[in-house]
Amino acid sequence: MGGDSVRLDGNTLVLPGDVGVRFIRTLRLPEQGTHPLPPGLGEFPVRRVADYADSVPPEWAARGGVMLPMYLREAMWLSFSSKEPAALQIGVGKVCAVSGKPWTDRLARDPQNYVVLPRQPWLDGINSGKGTIRQFVAVPLGLGATVEGQVTGEETWGGIQLQNFALNDLELARWRKAEEERREQAARARYGSSDNVWLAGASGALPPPAAPAFGAAPPAPGGHPSASLPRKRQAGALGLGVGGTMRQEIYKDERPLAEWSAERAGRVFVHLVTPPDWLRITGEAAPPSPVDRAAYTAANLPWFDYFDSDATDLAPADPLANVVPVGDWLGDDHEPWQPPTPGQVHHLGDKQGKPVEDGDW
């Protein structure tokens, strides 16, 4: 199947239809208990594989896509944006992070194998519980600790896979017309019914609400590797295992499946690179490891809860329910945990009532 090109805009992947995905550094949670959403600590730097074809492994060059550096056991979350409705599939080692089923080129229900944008603002991990997820954590391939290894019994792919679908032509036209009418009504309600009212951008969709200002500004892009860097050096691949449990819902799609296009808009493979390999490949040093949790909590920095009263949470994915955290494979390395105080947990969304280039892969 075809699809338009994927762009890399700074550190943001932009899939066709202006579907944006950012990769956010964050604190790794303890593997016991259930926790609020940890804060963002800035974006991972992202680079196009094609720009470093002389220094990445041949199989990476064949798969194309992008790459980013992660430390062993470092955690991440994915931040999404979309001006129009989109269905986004997220794979971890070509295992669907939502359904736990093998990667496929089609959208599916029962179980749902995608998230719906812009309703789903982010995803911090795999769909392993009712109203909870288990955090994405980087581990090397070959130990069996990745989601891919535990679900399939093999570790072949690693990395992250993304693929998006737009509404079909008929439904997209209906949605755009409804959005235009809604914008006009909102503008008239605010400014009056004068024909002289200027409806800025009335023919398009409303932009999504601004994301919370998490973390630091992204690092400046680095330079292309010099000719003295090693060529075609073998790099150790990373995949995603799971860490602690946090409160987060993955929302059910309320649309009939037939309203989505049968053809994907675009897809991209995201390679995960160790910091030493990142330096050898790109000539850039990876960002330092995130600050420890006790220092973050002691500084009274915020944690988050998010709730959408109009959305329905998906049921846990059976293949993902039994994925065990990386500590069971590598041992527990957490210092004593200092939980956030109640005042540090900020509620986002609705308030709850009391109690790039594609290749072969």
Side-chain angles (χ1 to χ4, degrees), residues 1-4 6 13-23 65 76-134 136 147-148 151-152 157 159-169 171-172 175 205 208 240 242 248-270 306 308 310-321 323 358 361:
M1 286 182 287
D4 298 328
V6 177
L13 274 176
V14 183
L15 285 81
D18 287 330
V19 172
V21 181
R22 295 187 301 141
F23 305 89
M76 74 152 54
W77 53 274
L78 308 182
S79 175
F80 307 131
S81 62
S82 181
K83 295 179 180 179
E84 297 182 336
L88 179 67
Q89 293 177 318
I90 303 105
V92 287
K94 294 186 74 170
V95 172
C96 178
V98 177
S99 70
K101 300 295 185 180
W103 184 258
T104 175
D105 288 335
R106 299 287 184 181
L107 298 180
R109 294 275 180 85
D110 195 25
Q112 181 176 313
N113 67 350
Y114 57 95
V115 298
V116 182
L117 308 184
R119 166 152 274 171
Q120 190 80 37
W122 45 64
L123 185 67
D124 289 64
I126 65 169
N127 178 28
S128 60
K130 185 173 177 55
T132 63
I133 57 91
R134 297 213 71 151
F136 292 134
V147 175
E148 176 186 5
V151 172
T152 71
W157 299 100
I160 302 169
Q161 298 76 40
L162 301 170
Q163 184 168 264
N164 73 306
F165 294 76
L167 291 175
N168 65 41
D169 291 344
E171 293 302 326
L172 184 58
W175 183 87
L240 291 178
V242 300
Q248 184 173 105
E249 295 181 333
I250 300 176
Y251 298 125
K252 179 180 178 182
D253 186 9
E254 302 297 339
R255 296 178 179 274
L257 191 61
E259 292 189 4
W260 296 104
S261 173
E263 299 285 327
R264 67 166 178 254
R267 70 170 192 169
V268 62
F269 196 111
V270 183
Y306 183 83
D308 186 334
D310 295 326
T312 303
D313 182 38
L314 286 179
D318 290 341
L320 301 177
V323 173
D358 193 17
W361 47 274

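No hydrogens, no waters, no symmetry mates; every other heavy atom, side chains included, goes into these values.
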Can you tell me how far the OG1 atom of T104 sits from the NZ atom of K94, to the nearest 0.5 Å? 10.0 Å
Sidechain-backbone polar pair: E259 side chain, L167 backbone, donor-acceptor under 3.5 Å: no
When rounded to the nearest 0.5 angstrom, what distance separates CG in L78 from CZ in F23? 6.0 Å
If you look at every heavy atom in L117 and S82, which pair is closest and at what distance? CB-CB, 3.8 Å
Run the side chain to side chain contact (heavy atoms under 4.5 Å, CB included) test against A87 and tell me which residues pass, sequence neighbours left out. L107, Y114, F165, W260
Close side-chain approach of F80 and V21, heavy atoms under 4.5 Å: yes
For the atom pair CG (L257) and CG (D110), what is the distance rounded to the nearest 0.5 Å? 11.0 Å
Please report the shortest heavy-atom distance between Y251 and R119, naming the atom on each side. CD1-CG, 3.6 Å
Do Q248 and D124 get their side chains close enough for a donor-acceptor pair, meaning under 3.5 Å? yes
Where do R264 and D358 come nearest, in terms of heavy atoms and distance? NH2-OD2, 4.3 Å
List the atom of A262, the atom of R106, and the distance in Å for their closest heavy-atom pair. O-NH1, 2.8 Å
Knowing that exactly one of I133, L88, V115 qualifies, which makes a side-chain contact (heavy atoms from CB on, under 4.5 Å) with V98? V115
Taking side-chain hydrogen bond (donor to acceptor under 3.5 Å, both in side chains) as the test, write out the residues that go with Q161, two or more places apart. none
List in chain and number order the residues that pass side-chain hydrogen bond (donor to acceptor under 3.5 Å, both in side chains) with N113, two or more places apart in sequence or in another chain; answer none if no residue qualifies. none
Between the OG1 atom in T132 and the CD atom in E249, the distance rounded to the nearest 0.5 Å is 10.0 Å
Going by ring-ring contact (aromatic ring centres under 6.0 Å, His included), name the residues that satisfy it together with W361, two or more places apart in sequence or in a different chain. W103, F269
Please name the pair of heavy atoms, one in V95 and one in E148, separated by the smallest distance, quoted to 0.1 Å. CG2-CA, 4.0 Å
Name all residues meeting the side-chain hydrogen bond (donor to acceptor under 3.5 Å, both in side chains) criterion together with Q89; count only those two or more places apart in sequence or in a different chain, and write none if there are none. Q163
Do F136 and I160 have side-chain heavy atoms sitting under 4.5 Å apart? no
How far does CD1 of I90 sit from CG of L162, to the nearest 0.5 angstrom? 6.5 Å
Measure the shortest side-chain to side-chain distance between R109 and D253 over non-hydrogen atoms and say whether it is less than 4.5 angstrom. yes
So, for P85 and P118, which heavy atoms are closest and what is the spacing to 0.1 Å? CA-CD, 4.4 Å
